[in-house]
Amino acid sequence: MQQFVIKQAEFVTSVGTNGNYPAVDGPEIAIVGKSNVGKSSLINKLTNNRKLAKTSSTPGKTRLINFFRLNNSFYLVDLPGYGFAKAPKSEQAQWGQLMESYLASGRVKHLFLLVDIRHEPTADDKQMFKYLIYYGIPFTLIATKADKLAKSKRKQEALKAAKALGAPKHAIAWSSETGDGMQELLERIGQIVNPVEAVAEEADAGAAPAENAVVSEE
């Protein structure tokens with residue numbers, strides 16, 4: 001399979017608790033993580049468009065589900081950040097309801113769970129992981145801000161985060177500053193969006209599926 005390439009990306013809509021999602025049209029890959037973990041920066045780096053997803057110095061500002069259309073064939077969905085302690089309890093509850101409704105909708109083909117590579121997964125990260133298992137959503141763990149660590153430590157710390165969550169031993173070490181992890185993440189998206197092509201290539205090569213091609217749904 002050729003290297004997956006993102007050639008086109010556009011913002012489509014934002015959705016609140018009304019659940020007025022756009023019509024299903026291809027796979028949906030959702031991105032979730034705590035506030036300020038770098039979701040918007042990842043989207044902008046991935047699509048090579050610094051203005052596509054709005055970034056903010058104020059954690060917890062994103063309160064809607066934002067849909068982006070990529071290559072006119074699938075959605076990348078940015079979920080509200082969680083774990084922002086300064087938000088009123090009523091707002092925190094509303095965000096939780098918003099995300100749970102989306103996760104339970106059956107629309108999500110795959111989810112990228114972002115954690116900060118420099119720190120142990122938080123209680124909110126672990127709760128989100130439990131949600132994914134409960135709803136049976138395949139996922140990939142992405143450890144962000146890898147540029148803050150020495151290159152020799154990045155993969156080790158990413159795998160440590162997976163172990164701390166109780167997730168399968170695989171994680172992508174990512175940096176929106178340097179693009180570290182870009183090739184691996186694009187390959188992962190290609191496997192999700194074009195699974196038949198990915199499996200056929202593995203069969204032709206006589207190889208077992210890649211370590212991150214099958215994700216735990218226990």
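Quick note: numbers below take in every heavy atom, side chains included, and nothing from hydrogens, waters or symmetry partners.
Note: the hydrophobic cluster containing Phe67 does not contain Val24 (ILVMFWY, side chain heavy atoms under 4.5 Å, direct or indirect links). Under the 4.5 Å side-chain heavy-atom criterion for Ile, Leu, Val, Met, Phe, Trp and Tyr, Leu141 and Val108 are members of the same hydrophobic cluster. Criterion: ILVMFWY side-chain heavy atoms under 4.5 Å apart, direct or through other members. Under it, Ile43 and Ile142 are part of a common hydrophobic cluster. Side-chain heavy atoms closer than 4.5 Å link hydrophobic residues (I, L, V, M, F, W, Y) into clusters, and following such links, possibly through other members, connects Ile31 to Ile172. Leu132 and Leu98 fall within a single hydrophobic cluster, where Ile, Leu, Val, Met, Phe, Trp and Tyr side chains are chained together by heavy-atom contacts under 4.5 Å.
One finds the CG atom of Leu159 at 9.5 Å from the CD atom of Glu157 (value rounded to the nearest 0.5 Å). Note that NZ of Lys45 and CG of Leu52 are 14.5 Å apart. Values are rounded to the nearest 0.5 Å. Atom CG of Asp78 sits about 10.0 Å away from atom CZ of Phe11, to the nearest 0.5 Å. Taken from CZ in Arg50 to OG in Ser176, the straight-line distance is 13.5 Å, to the nearest 0.5 Å. One finds the CD1 atom of Ile133 at 5.0 Å from the CZ atom of Phe139 (value rounded to the nearest 0.5 Å). Rounding to the nearest 0.5 Å places CD of Glu177 at 10.0 Å from NZ of Lys145.
Contact of the Leu42 side chain with the Leu185 side chain is registered, since non-hydrogen atoms from C-beta on lie closer than 4.5 Å. For the pair Phe74/Ile192, no side-chain contact is recorded, criterion being any heavy-atom separation below 4.5 Å from C-beta on. Side-chain contact check for Ser40 versus Lys54: every heavy-atom pair is 4.5 Å or farther apart. Using a 4.5 Å cut-off on side-chain heavy atoms (C-beta onward), Tyr131 and Met99 make no contact. Side chains of Pro22 and Arg107 form a contact here, defined as non-hydrogen atoms less than 4.5 Å apart. No side-chain heavy atom of Ser105 sits less than 4.5 Å from a side-chain heavy atom of Tyr135. Looking only at side-chain heavy atoms (C-beta outward), Gln191 and Arg188 come within less than 4.5 Å of each other. Under the 4.5 Å side-chain criterion, counting only non-hydrogen atoms from C-beta, Leu46 is in contact with Met182.
Arg154 and Asp147 make their closest contact through NH2-CA, 3.6 Å (heavy atoms, listed as atom of the first residue, atom of the second, distance). Taking all atoms of both residues into account, the shortest heavy-atom contact from Ala53 to Phe68 is CB-CZ, 3.9 Å. Nearest heavy atom pair, residue Ala162 against residue His170, reads CB-O, 4.0 Å. The minimum heavy-atom distance between Leu79 and Lys39, with the atom names listed, is O-NZ, 2.7 Å. Contact between Val32 and Tyr82 at its shortest, heavy atoms only, is CG2-CE2, 3.8 Å. Listed here is the closest heavy atom pair of Ala161 and Val115: CB-CG2, 4.1 Å.
At a cut-off of 3.5 Å, with distance as the only test, no side-chain donor of Ser41 or Asn44 sits close to an acceptor on the other residue. Side-chain polar atoms of Tyr102 and Glu28 form a donor-acceptor pair below 3.5 angstrom.
Ring geometry for His110 against Phe112 counts as perpendicular: the plane angle is over 60°, on a 0 to 90° scale with 30° as the lower cut.
More than 12 heavy atoms of other residues, nucleotides or ligands lie within 6.0 Å of CD in Gln127, so this atom counts as buried by the packing criterion.
Remark: side-chain polar atoms of Thr144 are not paired, donor with acceptor, to backbone N or O of Leu114 under 3.5 angstrom. With hydrogens and angles ignored, the 3.5 Å screen pairs a side-chain donor or acceptor of Asn71 with a backbone N or O of Val5. Looking at Ser175, its side chain never comes within 3.5 Å of a backbone N or O of Ala146 through a donor-acceptor pair. In this structure a side-chain-to-backbone donor-acceptor pair under 3.5 Å is missing from Arg118 to Leu149. A donor-acceptor contact shorter than 3.5 Å links the side chain of Lys155 to the backbone of Ala171.
Judged by the 6.0 Å distance and 45° axis criteria, Arg69 is positioned over the aromatic ring of Tyr75.
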Working note: Leu70 + Val193, criterion side-chain contact (heavy atoms from CB on, under 4.5 Å); need CA distance, chi angles, decisive distance, verdict. CA-CA 11 Å; Leu70 273 58; Val193 176; over 6 Å; no
